[in-house]
There are 2 protein chains.
Amino acid sequence: MKKTISDIAQIAGVAKSTVSRYLNGGSVSDATKEKIKRAIQETGYIPNTFAQSLKAKKTNIIGTIVPRLNSYASSLTLIGIDEQLKELNYQMLISNSNQDLEREIENIYTLANQKVAGIILLATQITDQHIEAFRKIDIPVLLVGQQHKEVYSLIHDDYGAAYDIGQYILAKGHKRIGYLGVGEHDIAVGVKRKQGFKEAVDTKSDCEVKYYETSFNIADAIGTASEIIEEFQPSILACATDNIALGALKAAYMRGLRVPEDLSITGFGGYQVTEVIHPALTTVKFYYKEVGQRAARNIVKLINEEEIEKISISKYEIIERESVDNI
Amino acid sequence: MKKTISDIAQIAGVAKSTVSRYLNGGSVSDATKEKIKRAIQETGYIPNTFAQSLKAKKTNIIGTIVPRLNSYASSLTLIGIDEQLKELNYQMLISNSNQDLEREIENIYTLANQKVAGIILLATQITDQHIEAFRKIDIPVLLVGQQHKEVYSLIHDDYGAAYDIGQYILAKGHKRIGYLGVGEHDIAVGVKRKQGFKEAVDTKSDCEVKYYETSFNIADAIGTASEIIEEFQPSILACATDNIALGALKAAYMRGLRVPEDLSITGFGGYQVTEVIHPALTTVKFYYKEVGQRAARNIVKLINEEEIEKISISKYEIIERESVDNI
DNA sequence: CTGAAAGCGCTTACAG
DNA sequence: CTGAAAGCGCTTACAG
């Protein structure tokens, strides 16, 4: 059933090497080309990628490790990577670590096993084990979303975006401000966003600002936001992700508060749904897909041993919509 | 740098075949085991998967083709597949066709090239070219979400769910009913859901029902829903997906209609966000993740040449929330 | 332009 | 339990 290059060679009446040359664009006479083409069509021959890779000693596969598949940010980033990679004649292999750091480390080694040409890691946190793995596998690695001094990274400007959101809130006249963030193990979302925000609101001394923490989970966010509303009664709640903001919105409705009249809310991310809901959410949009595309270009450069910057920072844009009131 | 099995054999002072046996759990004496283990640790040896697969003539990789990556349904299905496959010692390779049928066909062949053990296709429509590809590659294939008489399939009960939604709407006393679906090239969403719905509402003769069509795109849905509201002024708008329902909700708000007081809305899918928005959406929940898991089990059975049903139909559940009014 | 041969890194009967 | 040898399906110098 399954045809090999030898079968084709035999049917076409040429040597295996000639078929191989035909397949790889080497010099073959037109007459020979014709014969081989016919043989391939007739048999439905498909070359064995393993044998090819075994000899060629390299693949055109880029392994991409994601913490979770059902996230707006991951999905868009993956799409960007995939699109760009296809253009560059590479292929994307997705490996899901399901928010499990151990599995993430495992995935690095598995990908190395499969001789991927490079690895893109949509990172949440980078541990020593990560660094150890990167060293051992000896394959180009690119981090997306988090940075580390020993690895090439592509990040969103979390600090800058948060600073701008802070300034924006101040400009709207808010003085009783709640910030709902996540744990500090996540440097980008947990640390940088909070830092930028704090830096901005600290420029004004007549504000009362309180910082809270929840998880990335919407249900958790609803609970935490609800408590904050009860305890602190802020005029605005700045949330570290759009999902958290969605939770805050729900909490507001559940407590009978109108948004933005009774409580203003902001998010982070620019998820599509934030535009469709009512009131539409004021948030900061990150360019996930573009970052994915850039990641693809960068990893390929790394593979080709071209120079790239150790760390690139991507832009953002404040999207002003309906969820923030002017006081 | 890169170590091979020969290096390990040499360092451990044994034959390659012994190392191979060690790696694959064949019988090796404890003393030899120890030597090999040490050699592997010392060198950080990682076996070459290509060489392994070339000999073994099979892989434990399941190719999964998705129409798009940024969809709630795909993501959850993928997670289910991935989880279950890991348990069965298989690996998932995701291939995105980006809603491009040609690319989908290409992906089938590419996956075959890579000698995947089986293919799961999250399908939108099945053309003759698909069937031709399935025949040529001679690899087990499983369809998810759509059915075809020549291929093993796993589907959601689109017809049944739509019928129930229709009945539910009738029971709520609605008599002026709009149905907002999608094109008929998508059998599951475009044909089956409409059919089930129609069947249900046709049981009552004093209703006026109008059928409309839009795309899967939220922005399109907003536009179409807006027109429907203007022209037909239904008391309820049943939407063929949750995203379309989200668009309808937005359209209602934009026209100053209250939901559900002025217009009731229902969806299809059970996306997480439908629970968080206000008003929470009445919809039908499909078990995407579970279907993914089952798909994984089924494709593995197919690979092992075990019997499975040609077509399995998955359950659903009507989720009654706040977006439908009692008339 | 074309072919014979060696070799990529493994695995798998087959002997011992 | 262990090793030598053949072979998986390709590619790549090397001759011609």
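Convention: sequence-line order gives letters A, B, ...; per-chain numbering from 1. Not measured: the values here are computed from a predicted model.
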* To do: Using a strict 4.0 Å threshold on nitrogen-to-oxygen distance, state whether A/Glu150 and A/Arg135 make a salt bridge.
  => yes

* **Electrostatic pair A/Glu290-A/Lys315, nearest N-O below 4.0 angstrom** => no

* Which residues pass the side chain to side chain donor-acceptor pair (under 3.5 Å) test with A/Gln99, sequence neighbours left out? -> none

* Structure fact -> Output row for DNA chain D, stems defined as at least 3 consecutive Watson-Crick or G-U pairs under 3.5 Å, is C:1-3 with D:14-16, C:5-12 with D:5-12, C:14-16 with D:1-3

* Structure fact -> Which of C/dG9, C/dT2, D/dC10 is nearest the side chain of A/Thr32? It is C/dT2

* Structure fact -> A/Lys3 atom NZ is separated from D/dC10 atom P, nearest whole Å, by 13 Å

* To do: Mind checking A/Tyr45 for me? I need base, sugar-phosphate or nothing, with any heavy atom below 4.0 Å counting as a touch.
  => sugar-phosphate

* Asked: So, are B/Glu132 and B/Lys136 salt-bridged, with charged N and O less than 4.0 Å apart?
  -> yes

* Which of parallel (below 30°), tilted (30 to 60°) and perpendicular (above 60°) describes B/Phe50 and A/Phe50? -> tilted

* Interatomic distance where CD1 belongs to A/Ile8 and C1' belongs to D/dG9 [whole Å] -> 12 Å

* Residue B/Ser20, side-chain heavy atoms: nucleotide from C/dT12, D/dA13, D/dC10 that is nearest -> C/dT12

* To do: For B/Leu23 and C/dT12, give me the distance from atom CG to atom P, rounded to whole Å.
  => 12 Å

* Within the distance-only criterion (no hydrogens, no angle test), does the side chain of A/Ser153 pair as donor or acceptor with the backbone N or O of A/Val151 below 3.5 angstrom? -> yes

* Structure fact -> Rounded to whole Å, CG of A/Asp7 lies from C1' of D/dG9 at a distance of 10 Å

* Pair B/Glu307 + B/Lys301: basic N to acidic O under 4.0 Å -> no

* Mind calculating the distance between CG (B/Asn24) and C1' (C/dG9) to the nearest angstrom? => 13 Å

* To do: Could you tell me the separation between the CG atom of A/Asp30 and the P atom of C/dC1, rounded to a whole number of Å?
  => 9 Å

* Least distance between heavy atoms, A/Ile46 atom then B/Ala112 atom -> CD1-CB, 4.3 Å

* To do: Check every atom of C/dC10, C/dT2, D/dC10 against the side chain of B/Asn48 and return the nucleotide holding the closest atom.
  => C/dC10

* Within the structure shown, what part of the strands sits under 4.0 Å from A/Ser27 by heavy-atom distance: base, sugar-phosphate, or nothing? -> base

* To do: Taking the side chain as every heavy atom from C-beta outward, state whether B/Ile137 and B/Ile119 have any pair of such atoms under 4.5 Å apart.
  => yes

* Contacting residues from residues 12-19 of chain B, given that a heavy atom lies under 4.0 angstrom of DNA chain C -> B/Lys16, B/Ser17

* Structure fact -> When rounded to whole Å, the CZ to C1' distance for the pair B/Phe50 and C/dG7 reads 17 Å

* CD1 of A/Ile46 versus C1' of D/dC10: gap in Å, rounded? -> 15 Å

* To do: Tell me whether the OP1 or OP2 atom of D/dG9 has a side-chain N or O from A/Gln52 closer than 4.0 Å.
  => no

* Between D/dT11, D/dT2, C/dT11, which nucleotide has the shortest distance from any of its atoms to the side chain of B/Ile5? -> C/dT11

* Closest to the B/Arg21 side chain, choosing from D/dC10, D/dG3, D/dC1 -> D/dG3

* Asked: Does B/Val28 offer a backbone N or O that forms a donor-acceptor pair with the side chain of B/Thr32 under 3.5 Å?
  -> no

